[in-house]
Amino acid sequence: MANVDRLFRGGTVVTGEGYRRGDVAVSDGRVVAVGKDLDVQAREVQDVGGAYVFPGLIDAHTHPVYLDDLGGLSVTAAHGGVTTVLHFAYAKPGQGLVATIEAFMEQGREGSVLDFALHGGLFDPARQSEEIPRAVELGVTSFKMFMTYAKLKWMTDDYQLMRTLDIIASVGGLGMVHAENGLATDYLEDKSAALGRDPAEDFLTTRPGILEGEAVNRAAAMAAVAGCPLYIPHVSGREAAEAVSRLRAAGQWVYGETCPQYLTLTGEEIARQGPLAKIGPPLRGEDDQRVLWQALAHGDLDVVASDHAPKAKRRDDPFFEAPYGSPQVETMPTLLFDRGVLGGWITLPRMVQLLSENPAKIFGLYPAKGTLREGSDADLVIWDPHSERTITHATQHSHAPYTLYEGTRVAGRPVGVMQRGAWVVWEDELQARAGQGSFLPTRAGTVALGALKPKGGACPQE
Ligand SMILES: [Zn+2]
């Protein structure tokens, strides 16, 4: 009989592979055994019968540069059930890519309660792309550019996109793009303004899904020429999802992510919530939502991530001037469980794949992260599937002044959130201290698409 630090007894252990009743034994920050009726002596035994035990959830898409800094973002993420965050280190024009990455690493080491990794974000690839090989040496291997926001001067033109994908490919990294045709959407926005139309009413028609699909195809064409794997964050609608699916069927390494907001809200929120619901790409229609859920279920999209971008916005602010983005990380797991699993769109193991196993694999963190098996980090979530709550801003931990889900009733709650064998959150109370998290070097874009497909069994509708 082996001695271990801690034993979770009698829960339903859920990974991307499937689920079964079993125990999880943890020692020295690692999982040391998973199985039925483990014969171990533990310093602490916890009965988790009736609960699910998930591997720590991973949010592959966060922005710690608005109202939540790197530390604050990790706190709000942890309260939702997330144990690892992948932040975008945004190098604005005039900033160096490596200097930006180093500053984010420093902030994370000081303030993060969770393990974290970084993506590079290039606003001025003409000057910043040469730093990519050095960034890779530092452990940052995925790099995003914007094909949109031309008027904001965030857009990368095709020359620099081709060049940068070529550089990323040469060092074995992963390319990422915000896929929307920025010049075309800017024209449509200018035309709407010239006609004196309401920018809120025209928000969707000036950013149609077909211009998102076009950008996915254009970026993928260049990625194919460069031999660079490509990751499309925040796929928001039918055309982009279908483009990803078609490219993959043709054999190209294009990974696809969507976000809880696109799965649970539609463009009608703009009429209800005004600029709070201003997000790029925009919230679209019910048909788009259906396509996204089906793509997740069938394995045509691989990841759900939050695009957490909390901004100081109020419902009555002028729409046109309001910034893009919304707080999402803390509500993401419960929304995916409630709407996705209980709503019948995806199985429970598929949920764990989308929120843990697949991002771990795509960013090279697997199997330390993304699963529960002997040798994995003891990152886990004790999940109560029966607990019901009403989402309200007052109980959220983001510094955003609102949540888009105010008043929404959801089932499923993380009772305990553990990283490397220590509680980060227990019963809604933060247990971790700032700076407890570690920086995780990534090795992005090396996993084949076949490894990301759904494989779990049916969902127990308890
Ligand atoms: Zn984003």
Side-chain angles (χ1 to χ4, degrees), residues 61 121-123 125 144-162 164-165 175-195 197-224 230-248 250 252 254-259 261-263 265-270 275 277-292 295 300-301 307 309 319-320 322-326:
H61 185 161
L122 289 78
F123 284 62
K144 185 173 96 169
M145 285 154 287
F146 291 93
M147 298 173 79
T148 187
Y149 303 136
K151 276 191 276 188
L152 293 175
K153 306 233 180 296
W154 293 13
M155 190 182 79
T156 295
D157 67 23
D158 288 353
Y159 182 98
Q160 290 301 334
L161 186 55
M162 185 68 239
T164 306
L165 290 170
M176 308 171 105
V177 289
H178 178 135
E180 282 185 283
N181 186 317
L183 293 172
T185 58
D186 276 358
Y187 163 72
L188 294 173
E189 191 179 88
D190 290 346
K191 180 181 165 193
S192 162
L195 292 170
R197 300 207 20 111
D198 179 346
E201 261 173 47
D202 276 8
F203 190 60
L204 260 81
T205 50
T206 56
R207 284 159 189 77
I210 193 167
L211 293 180
E212 185 187 13
E214 183 278 329
V216 171
N217 282 313
R218 182 157 38 102
M222 287 187 252
L230 188 66
Y231 181 102
I232 311 291
H234 52 50
V235 169
S236 70
R238 171 185 282 281
E239 290 86 349
E242 287 177 349
V244 168
S245 160
R246 187 185 53 75
L247 290 157
R248 289 151 68 108
Q252 195 174 345
V254 179
Y255 306 107
E257 169 203 286
T258 188
C259 313
Q261 50 275 39
Y262 302 116
L263 294 165
L265 303 173
T266 68
E268 290 179 14
E269 290 305 317
I270 291 174
K278 181 177 175 182
I279 295 166
L283 301 172
R284 300 191 189 277
E286 278 174 25
D287 170 64
D288 298 279
Q289 234 171 47
R290 207 162 32 244
V291 168
L292 294 175
D300 292 328
L301 292 172
D307 198 5
F319 188 90
F320 187 81
Y324 293 88
S326 65

Determine which pairs satisfy salt bridge (Lys or Arg N to Asp or Glu O under 4.0 Å) with at least one residue from residues 213-223, sequence neighbours left out, and list them in order.
D158-R218, E214-R218

Where the side chain of D157 meets the backbone of Q160, is there a donor-acceptor pair that is under 3.5 Å apart?
yes

Check whether T206 reaches the backbone of T185 with its side chain - one donor and one acceptor, N or O, closer than 3.5 Å.
no

Are T205 and L188 side-chain neighbours, meaning at least one heavy-atom pair lies under 4.5 Å?
no

dist S245:OG -> L301:CG (nearest 0.5 Å) comes out at 8.5 Å

side-chain contact (heavy atoms from CB on, under 4.5 Å) involving L204 - partner list, sequence neighbours excluded:
I270, P282

So Y255 and Y231, would you call those rings parallel, tilted or perpendicular, with 30° and 60° as cut-offs?
tilted

My understanding is that only residues two or more places apart in sequence, or in another chain, count here; which of them pass side-chain contact (heavy atoms from CB on, under 4.5 Å) with L247?
V216, N217, A220, Q252, V254

Look up atom NE2 in H61 and atom NZ in K144, then write down how far apart they are to the nearest 0.5 Å.
4.5 Å

Are the side chains of H178 and P281 in touch, meaning some heavy atoms are under 4.5 Å apart?
yes

Main-chain N/O of L265 paired with Q289 side-chain donor or acceptor, under 3.5 Å
yes

Between H234 and Y262, how do the two ring planes meet: parallel, tilted or perpendicular, split at 30° and 60°?
perpendicular

Using side-chain heavy atoms (C-beta onward) and a distance below 4.5 Å, is M222 in contact with L230?
no

Closest heavy-atom contact between V291 and A241?
CG1-CB, 3.9 Å

Min side-chain heavy-atom separation L122-T164 under 4.5 Å:
yes

For R248, what residues pass the salt bridge (charged side-chain N to carboxylate O under 4.0 Å, His left out) criterion, not counting sequence neighbours?
D302

Could you pull out every donor-acceptor pair under 3.5 Å between side chains of residues 146-154 and any protein atom, sequence neighbours left out?
| from | atom 1 | to | atom 2 | distance (Å) |
| --- | --- | --- | --- | --- |
| K151 | NZ | E189 | OE1 | 2.8 |
| K151 | NZ | D190 | OD1 | 2.5 |

How far apart are the closest heavy atoms of L165 and A223, and which atoms are they?
CD1-N, 3.8 Å

Calculate, to the nearest 0.5 Å, the distance between atoms CZ and CG belonging to R207 and N181 respectively.
12.0 Å

For E239, enumerate each residue passing the side-chain contact (heavy atoms from CB on, under 4.5 Å) test, keeping only those at least two apart in sequence or located in another chain.
I210, D288

Looking at E269, E268, E212, which hits salt bridge (charged side-chain N to carboxylate O under 4.0 Å, His left out) with R284?
E212

For the student: nearest non-hydrogen atoms of V244 and V235, plus distance
CG2-CG2, 4.4 Å

